[in-house]
Amino acid sequence: MNDAKPLSRSFYNRDTRVVAQELLGKFLVRRTPKEDIAAKIVEVEAYRGSDDPASHAYKGETPRNRLMFGKPGFAYVYFIYGNHHCLNVTTEPEGVPGAVLIRAVKIVDGMALARKNRRVDSLVNLSNGPGKLTKALNISKIHNGIDLANPDELFICDSETVESFEMATSRRIGVKAGSEKPWRFYLKKSKFISKP
DNA sequence: GAGAAGATCTCCT
DNA sequence: GGAGATCTTCTCA
């Protein structure tokens, strides 16, 4: 994984729903001094702006959500419910709000370290939720605003082997307003998604 | 400066 | 299946 090449800025500079779907099957890489963790993205949700009541950007720009209005390809990490971090990837051109929430991943490398971060035995239970995966990869708000197009501490790269998978869509989870929008995308066959 | 709500997880019944 | 944990951010005074 040392020669992993991050996805380019132009990948993110598109419609949020397109980016969300194409992120499925990609690898999220967390690079630490000791060990790298690599995880395959199996579940995401798209969040937009003024047409999406569930989005942080719905009511306009604030200091917190300004990354969603900024350049594409950056990490937007926020803290919620006093316990959990959520990892998003910004999309769309600068000035247009959009982000993709990474909801679930399958750890493929650095398993021991991820387990240590989470302190759970179950492999499936390690990263099948937004709060779980950030803890497993030790992602916190210090990663807010990191450029994912740079092979630094955190980035996303293409999968080495192209494998076919079946994608499914559903309504988003955990949101009240705007929950009717089918903007959740996941790998149908994966056991590592938060909900079937 | 106070109050309420929140893109969740875990433990308990 | 349901409530508690626990803190950041936004809104309103």
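Computed from a predicted model, the values in this text were never measured in an experiment. Throughout, protein chains are lettered first and strands after them, A, B, ... in sequence-line order, and every chain is numbered starting at 1.
When each of A/L126, A/V105, A/N128, A/I107 is checked for a side chain to side chain contact (heavy atoms under 4.5 Å, CB included) with A/L133, only A/V105 meets the rule. Partner of A/F79 under the ring pair (Phe, Tyr, Trp, His ring centres under 6.0 Å) criterion, out of A/H85, A/H143, A/H84: A/H85 alone.
With rounding to whole Å, A/K59 atom NZ is found 8 Å from C/dC12 atom P. Between the CG atom of A/N83 and the P atom of C/dT9 there is a distance of 15 Å, rounded to whole Å. Note: CG (A/N144) to C1' (C/dT9) measures 13 Å, nearest angstrom. A straight line from NE2 of A/H56 to C1' of B/dT8 spans 12 Å, rounded to a whole angstrom. Distance, A/F79 CZ to B/dC9 C1': 12 Å, rounded to whole Å. Distance A/R66 CZ to C/dT8 P: 16 Å, rounded to the nearest Å. One can place CD of A/E43 at 13 Å from C1' of B/dT8, the figure rounded to the nearest angstrom. Rounded to whole Å, the distance from CG on A/N128 to C1' on B/dT10 is 13 Å.
Residue A/R119 is classed as having no contact, given no heavy-atom separation below 4.0 Å to the nucleic acid. Nucleic acid contact class of A/K135 (heavy atoms, under 4.0 Å, all strands): none. Across all strands shown, A/R103 has heavy atoms under 4.0 Å from sugar-phosphate atoms exclusively, and none from any base.
Summarising the geometry of A/L87 relative to A/A75, their closest heavy-atom pair is CD1-CB, 4.2 Å, with the distance given to 0.1 Å.
With salt bridges taken as basic N to acidic carboxylate O contacts below 4.0 Å, one links A/E45 and A/R103.
Considering only side-chain atoms of A/I80, the nucleotide from C/dC10, B/dG6, C/dT8 that sits closest is B/dG6. Here B/dA7 is the nucleotide among B/dA7, B/dC9, C/dC7 with the atom lying nearest to any side-chain atom of A/M68. In this structure, of B/dA7, C/dA5, C/dC10, it is C/dC10 that holds the atom nearest to the side chain of A/R64. When each of B/dC9, C/dC10, C/dT8 is scored by its nearest atom to the side-chain atoms of A/H84, the top-ranked nucleotide is B/dC9. Comparing B/dC9, C/dC10, B/dA7 by their closest approach to the side chain of A/K132 singles out B/dC9.
The side-chain ring of A/Y47 is stacked on the base of B/dA7, judged by centre separation under 5.5 angstrom and plane angle under 30 degrees.
The cationic group of A/R14 lies under 6.0 Å from the six-membered ring centre of A/F11 and within 45° of the ring axis, placing it in a cation-pi geometry. A cation-pi contact links A/R184 to A/Y186, judged by a cut-off of 6.0 Å to the six-membered ring centre and 45° from its axis. A cation-pi arrangement is not found for A/R17 relative to A/F185, the charged atom failing to lie both closer than 6.0 Å to the ring centre and inside a 45° cone about the ring normal.
The aromatic ring centroids of A/Y76 and A/F74 lie 6.0 Å or more from each other.
If you check distances only, the side chain of A/Y78 does reach the base of B/dA7 with a donor-acceptor pair under 3.5 Å.
Heavy-atom nearest nucleotides on DNA chain B were determined for A/G129 and for A/K176, and the one closer to the 5' end corresponds to A/K176.
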Could you spell out the base pairing of DNA chain B as a dot-bracket line? Use Watson-Crick and G-U wobble contacts where both distances are under 3.5 Å, [ ] for crossing pairs, | for partners on a different strand. ||||||.|||||.

